[in-house]
Number of protein chains: 2
Amino acid sequence: MSKKEITIYDLAEKLGLSAATVSRALKDHPAINSETKKKVFALAKKMGYRTNKFASNLRKQKTNTIGVIVPRLNSPFMSSVLSGIEKTANNKGYNIIISQSLESEAKERSNVFTHFNNRVDALIVSLSYETDNMDHFQSFINKEIPLVFFDRVPESINATKVVIDNFRAGYEATLHLIEQGYKDIVHITGNIKRNVYKDRFEGYKRALTDHNILYREDNFICNDLSEDAIYNCIHNQILTRKKLPDALFITNDTSAAFALSILKENGIKIPSKMAIIGFNNDLISKVTEPNITTINYPGYQMGETVARIAIEKIDNKSEKDVTSTVILNAELVVRGSTVKR
Amino acid sequence: MSKKEITIYDLAEKLGLSAATVSRALKDHPAINSETKKKVFALAKKMGYRTNKFASNLRKQKTNTIGVIVPRLNSPFMSSVLSGIEKTANNKGYNIIISQSLESEAKERSNVFTHFNNRVDALIVSLSYETDNMDHFQSFINKEIPLVFFDRVPESINATKVVIDNFRAGYEATLHLIEQGYKDIVHITGNIKRNVYKDRFEGYKRALTDHNILYREDNFICNDLSEDAIYNCIHNQILTRKKLPDALFITNDTSAAFALSILKENGIKIPSKMAIIGFNNDLISKVTEPNITTINYPGYQMGETVARIAIEKIDNKSEKDVTSTVILNAELVVRGSTVKR
DNA sequence: TTGTATGCGTTATCAG
DNA sequence: CTGATAACGCATACAA
């Protein structure tokens with residue numbers, strides 16, 4: 001087989017047909033004689049023909065591609081979401097181009113720009129840790145290209161969003177701790193600029209006040225939830241206290257597992273001396289000792305949903321773009337790290 | 001701003017220039033007057049111009065896109081690799097289109113075909129669990145499109161591969177157990193059709209025989225390493241034995257952590273009654289109790305390497321395609337699950 | 001430094 | 001059922 005690309009003209013010439021007919025045959029157009037189709041397909045296969053998507057896209061002004069921007073690829077939650085997106089998109093004949101913002105606004109901005117130039121049919125985004133200014137999404141909004149946010153979504157932009165009820169999740173997690181008798185509850189979370197962290201935080205506070213527990217600022221710790229951050233936080237902001245808190249609500253299972261591990265090393269019994277509650281229901285929460293109580297965050301399902309919505313929007317381009325917020329269920333999963341026996 | 005797409009012709013007309021000049025100006029072509037460039041850029045920005053990649057690709061016969069096919073997106077190892085690929089590719093101005101084979105040969109085949117039609121500049125692949133027939137890659141080979149495999153690589157195809165020395169890793173893991181005094185070592189692993197599992201298995205066997213331990217077939221267990229498989233395996237093939245084995249070598253940390261958790265529930269003390277060694281050095285191996293001894297598999301670095309190689313191949317298309325195998329280091333990480341104190 | 005002309009491969013329209 | 005033709009938007013060889 002040679003390196004030269006075969007085009008419909010090559011096929012047409014060899015078959016004594018026009019390029020138009022070959023094109024139609026290849027698309028299984030109903031108006032083409034089935035004998036003709038057979039011949040075309042046979043020769044196409046024989047000569048190693050492959051359709052040229054650029055030419056086709058150029059002509060059709062559509063790419064069958066969906067852009068995805070996530071903060072990082074390598075977290076259990078995000079990879080579940082991506083898996084769901086890929087599966088759904090692929091089933092519907094879409095490709096996905098994935099890029100990471102690496103939690104940087106500048107990178108996110110440049111990624112958005114790239115996807116814009118690539119003329120993705122839709123863009124799916126979870127915001128970076130630090131994004132303040134949302135102007136870079138304006139190009140998609142102006143051109144009315146479907147834009148769907150999930151998990152870390154902007155408040156200021158009028159676009160479809162898929163989330164869980166983070167306020168409620170934060171409330172329920174805290175409520176559970178209170179019900180188990182814990183009162184001095186430290187909340188360790190990410191930048192409250194982002195809805196996910198802010199809403200959980202609000203839920204936490206509300207649960208406290210609803211139960212006549214005073215919210216104390218020193219019980220609110222905000223960092224990037226990385227291994228280093230958790231290590232430093234536990235060592236410098238928890239273990240140094242004269243009176244240890246009796247529970248930690250950490251908004252990420254990986255961090256919670258890591259914290260649990262450090263606390264145990266330092267002789268803190270879990271949950272008798274200190275309870276821990278995480279977030280996400282990653283597998284890691286099921287292998288620590290004790291297992292970690294957490295909030296089940298349906299990542300894969302979120303991926304499916306967000307992809308489905310994006311594709312629906314592509315298909316119904318004509319209809320007025322209905323902006324909506326989809327809220328998926330997230331429920332408490334009680335395990336050993338919060339329940340004394 | 002309107003929905004209409006602006007082209008270089010629109011810009012040219014408004015500026016009283018030719019499309020060619022605008023095209024060159026936009027690319028910062030050296031032969032264009034800098035005043036002209038300024039005017040072009042200004043108007044382009046003002047009118048919301050965006051370059052049309054299809055037209056450009058169609059013209060240039062290059063996509064600046066790399067296709068990636070992985071068995072699944074959502075494993076800690078794979079998401080690290082993907083993260084490394086994305087980072088490297090993005091730095092070099094390439095987009096990545098990711099698809100999952102979901103461990104199915106048919107899906108992999110169709111993914112390869114899609115990437116081929118998308119005219120990716122290179123294809124990066126880790127094989128599905130069940131792929132036997134490698135014919136679907138022939139199209140890439142025939143057209144001399146760079147094809148790079150990593151982790152689960154084919155033996156029969158003459159293409160560049162990036163791997164670790166799985167034989168050696170298997171040997172060292174087993175050797176470590178032997179040195180710690182364990183003799184009845186069960187190896188739980190994936191389909192030995194795949195190099196990664198086969199080579200580790202060979203390493204395991206060699207370590208045994210090198211130390212005068214008889215390899216027994218009933219100590220070799222092969223399954224898909226899923227949670228269910230591990231659960232069943234531990235319950236039906238380990239705990240039912242009259243004489244329990246004294247060590248498990250499981251080729252995946254997630255599975256190892258899960259196995260450890262189950263064994264502990266059943267009253268088996270780790271490592272005094274049974275040792276466990278995993279594979280990958282995922283975070284999960286550091287939060288179980290005891291922590292799990294494992295082989296450090298440099299996923300992120302593998303991603304960087306494989307992307308770098310793919311891009312080098314794209315750039316040096318002229319040179320005879322040198323097929324090589326790159327072997328990254330993977331070393332033993334000793335932790336509590338194998339060392340009695 | 002800029003312009004002219006052309007082709008990249010496909011598909012839609014219109015005509016037969 | 002099939003063909004001729006004209007775009008789609010850009011980049012380049014060649015001319016000026």
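Every chain is numbered from 1, with letters handed out A, B, ... down the list of sequences. The analysis underlying the following values was restricted to heavy atoms, covering all of them including side chains, and did not include hydrogens, waters or symmetry mates.
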Separation of [N] [atom2] from [X] [atom1] (nearest whole Å):
{"X": "B:E5", "N": "D:dA7", "atom1": "CD", "atom2": "C1'", "answer": "16 Å"}
{"X": "B:N33", "N": "C:dT1", "atom1": "CG", "atom2": "P", "answer": "6 Å"}
{"X": "A:R119", "N": "D:dG9", "atom1": "CZ", "atom2": "P", "answer": "8 Å"}
{"X": "A:K37", "N": "D:dC1", "atom1": "NZ", "atom2": "P", "answer": "8 Å"}
{"X": "B:R24", "N": "C:dT1", "atom1": "CZ", "atom2": "C1'", "answer": "9 Å"}
{"X": "B:L15", "N": "C:dT2", "atom1": "CG", "atom2": "P", "answer": "11 Å"}
{"X": "A:E13", "N": "D:dG3", "atom1": "CD", "atom2": "P", "answer": "14 Å"}
{"X": "A:K27", "N": "C:dT11", "atom1": "NZ", "atom2": "P", "answer": "4 Å"}

Spell out, as yes or no, whether a donor-acceptor pair under 3.5 Å connects the side chain of [X] to the backbone of [Y].
{"X": "A:N90", "Y": "A:K87", "value": "no"}
{"X": "B:E130", "Y": "B:S104", "value": "no"}
{"X": "A:Y129", "Y": "A:N191", "value": "yes"}

Between B:A20 and B:L58, just flag the one whose closest nucleotide in DNA chain D comes earlier from the 5' side. B:L58
Return whichever of A:Q61 or A:P30 has its heavy-atom-nearest nucleotide of DNA chain D closer to the 5' end. A:P30
OP1 or OP2 of [N] versus the side-chain N and O atoms of [X]: is any pair under 4.0 Å?
{"X": "A:Y49", "N": "C:dT10", "answer": "yes"}
{"X": "A:S18", "N": "D:dT2", "answer": "no"}
{"X": "A:T36", "N": "D:dT2", "answer": "yes"}
{"X": "B:S56", "N": "D:dC10", "answer": "no"}
{"X": "B:T21", "N": "C:dG3", "answer": "yes"}

Taking for each residue the nucleotide of DNA chain C with the nearest heavy atom, is it B:H29 or B:R59 whose nucleotide lies nearer the 5' end?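 The residue closer to the strand's 5' end, by nearest nucleotide, is B:H29.
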Quick test of your reading of the model: are A:K161 and A:E155 salt-bridged, counting only N-O distances below 4.0 Å?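 No salt bridge links A:K161 with A:E155.
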Could you tell me whether B:R308 and B:E304 make a salt bridge, using a distance below 4.0 angstrom between a side-chain N and a carboxylate O?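 B:E304 and B:R308: not salt-bridged.
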Mind checking if A:T7 touches a base, just sugar-phosphate, or nothing, with heavy atoms under 4.0 Å?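 Touches sugar-phosphate only.
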Looking for any heavy atom pair under 4.0 Å, which part of the strands does B:F54 touch: base, sugar-phosphate only, or nothing? nothing
Looking only at side-chain atoms of A:A31, point me to the closest of C:dA12, D:dC10, D:dC1.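 Selected nucleotide (nearest to the side chain): D:dC1.
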